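To start, the structure itself, in structure tokens.
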2 protein chains.
Amino acid sequence: MDEEWLSKDELAAWVRLAAVLEMLPGVLDAQLRRDAELTHFEYYVLAMLSEAPSRTLRMTALARETNATLPRLSHVVRRLEDRGLVERFPSPEDARATNARLTAAGWRKVRATAPGHVANVRKHVIDALTPEQVAQLGAITDAILQRVDPEGSMKATYERHDADPQGR
Amino acid sequence: MDEEWLSKDELAAWVRLAAVLEMLPGVLDAQLRRDAELTHFEYYVLAMLSEAPSRTLRMTALARETNATLPRLSHVVRRLEDRGLVERFPSPEDARATNARLTAAGWRKVRATAPGHVANVRKHVIDALTPEQVAQLGAITDAILQRVDPEGSMKATYERHDADPQGR
DNA sequence: CAGACAAGGTTGTCGCCTCAACCTCTTGTC
DNA sequence: GACAAGAGGTTGAGGCGACAACCTTGTCTG
């Protein structure tokens, strides 16, 4: 049984990808939880804010950049606000909108946490691959994302760019 | 900020992979929940059982094949048992061990669910890639898994095989 | 063959995510 | 310029996973 309408190669790739999907998040979360009391998603939220102008972003924009739904982000930002890492305030331009801004403590947190996290990503992903494989992985994930999220409603991060010329 | 100690290519690949990690599980779960009232993980449990001799597997073995922790599996199997898709019984050989066996209803469920699930995997992953990319993805995920789970304590599924000759 | 330790599982608690409901503000339309 | 529809967010309830505590059975050692 199982995925019997996949060829041998397809099945092998899919089974492994499913395993990565299952295990990698745990590895990422574990290191960040241990070293910084953050989940990977929380870290990503802080990191995206840290790169934004004035370290500030509207909730909707932040949701796009972190590939999250708005409810999920709202909950997470509330917790981060409780911990003093982020602050929220109404947008001056649109009374409906909320802006999230990194606090000084949040900024320090990101700076202190980034090296360990990057090292962890290197250890478990990048350094496991050849440079060619890194490039291949970029193209492959790009292609998958276009299927998963065709309108690019979640993105801004994985910019549409030098796509596969064959357009598959 | 963010992952500034990654090169441009490395960062691009990582950001996209992180996005896939965030979004693909939701896509898989959504289809299965809608069409079969199953999560992807529940489906995988049923699928692994369906391929086993006598459609039976010890909990520990099942945990390995599904890349899950034992507590997680235990909870999931209890729920599946409540729904009549699986049954548990003590192992004859080892009084500590528990066997999980697919029921007739569980078997029907897998058979009925597989085609839609496979189509979904095709749609969002396999068909987005060229055959070469499928092969590359297999090699890449294999390399990552060896870092994430060096002892292969979780596996049996992504068999160690024709690994990259360079051994990176 | 007694006790210590390991293997195999289960259970409870807590935290996070999903989904649906809801509220406020904005925009378009007649 | 009033109302309908939509955009932007928040909140609450329910469900699943992580982690730690615990129980039982095997195994190993003296």
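Order of the sequence lines sets the chain letters (A, B, ...), proteins ahead of strands, with each chain counted from 1. The structure displayed is predicted, hence computed values, not measured ones.
- Taking for each of Arg79(A) and Arg78(B) the nucleotide of DNA chain C with the nearest heavy atom, the 5'-most of the two is the partner of Arg78(B).
- Every residue meeting the side-chain hydrogen bond (donor to acceptor under 3.5 Å, both in side chains) condition with Arg72(B), not counting sequence neighbours, appears here in chain and number order: Glu22(A).
- Every side-chain hydrogen bond (donor to acceptor under 3.5 Å, both in side chains) that Glu81(B) has, sequence neighbours left out, goes to Arg88(B).
- Residue Ser74(B) is classed as a base contact, given a heavy-atom separation below 4.0 Å to a base.
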Could you pull out the protein-nucleic contacts involving nucleotides 19-26 of chain C (nitrogen or oxygen on both sides, under 3.5 Å)?
residue : atom : partner  : partner atom : Å
dT26(C) : OP1  : Ala95(A) : N            : 3.2

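- Among pairs with a residue in residues 89-103 of chain B, those fulfilling salt bridge (charged side-chain N to carboxylate O under 4.0 Å, His left out) read Glu87(B)-Arg101(B), Asp94(B)-Arg96(B), at least two apart in sequence or across chains.
- Between the CG atom of Asn99(A) and the C1' atom of dG8(D) there is a distance of 12 Å, given to the nearest Å.
- Applying the side-chain hydrogen bond (donor to acceptor under 3.5 Å, both in side chains) criterion to Arg33(A), with sequence neighbours excluded, gives no partner residue.
- Going from atom CG of Leu70(B) over to atom C1' of dA21(D) covers 15 Å, rounded to whole Å.
- A straight line from CE of Met59(A) to P of dG8(D) spans 13 Å, rounded to a whole angstrom.
- A donor-acceptor pair under 3.5 Å links the side-chain atoms of Thr103(B) to the main chain of Leu85(B), judged by distance alone.
- In this entry the distance linking CZ of Arg64(A) with C1' of dG8(D) reads 14 Å, nearest Å.
- For Thr98(B) and dT10(C), the shortest distance from a side-chain N or O to OP1 or OP2 is below 4.0 Å.
- Arg122(B) meets the side-chain hydrogen bond (donor to acceptor under 3.5 Å, both in side chains) test with Glu10(A), Asp127(B); sequence neighbours excluded.
- Atom CZ of Phe89(A) is separated from atom P of dT10(D) by 13 Å (rounded to the nearest Å).
- For the pair His40(A) NE2 and dA18(D) P, the computed distance is 16 Å after rounding to whole Å.
- Atom CG in Leu62(A) sits roughly 11 Å away from atom P in dT10(D) (whole-Å rounding).
- The nearest whole Å value for the distance from the CG atom in Asp29(A) to the P atom in dA18(D) is 9 Å.
- Once rounded to the nearest 0.5 Å, the distance linking CG of Leu57(B) with CD of Glu65(B) reads 5.5 Å.
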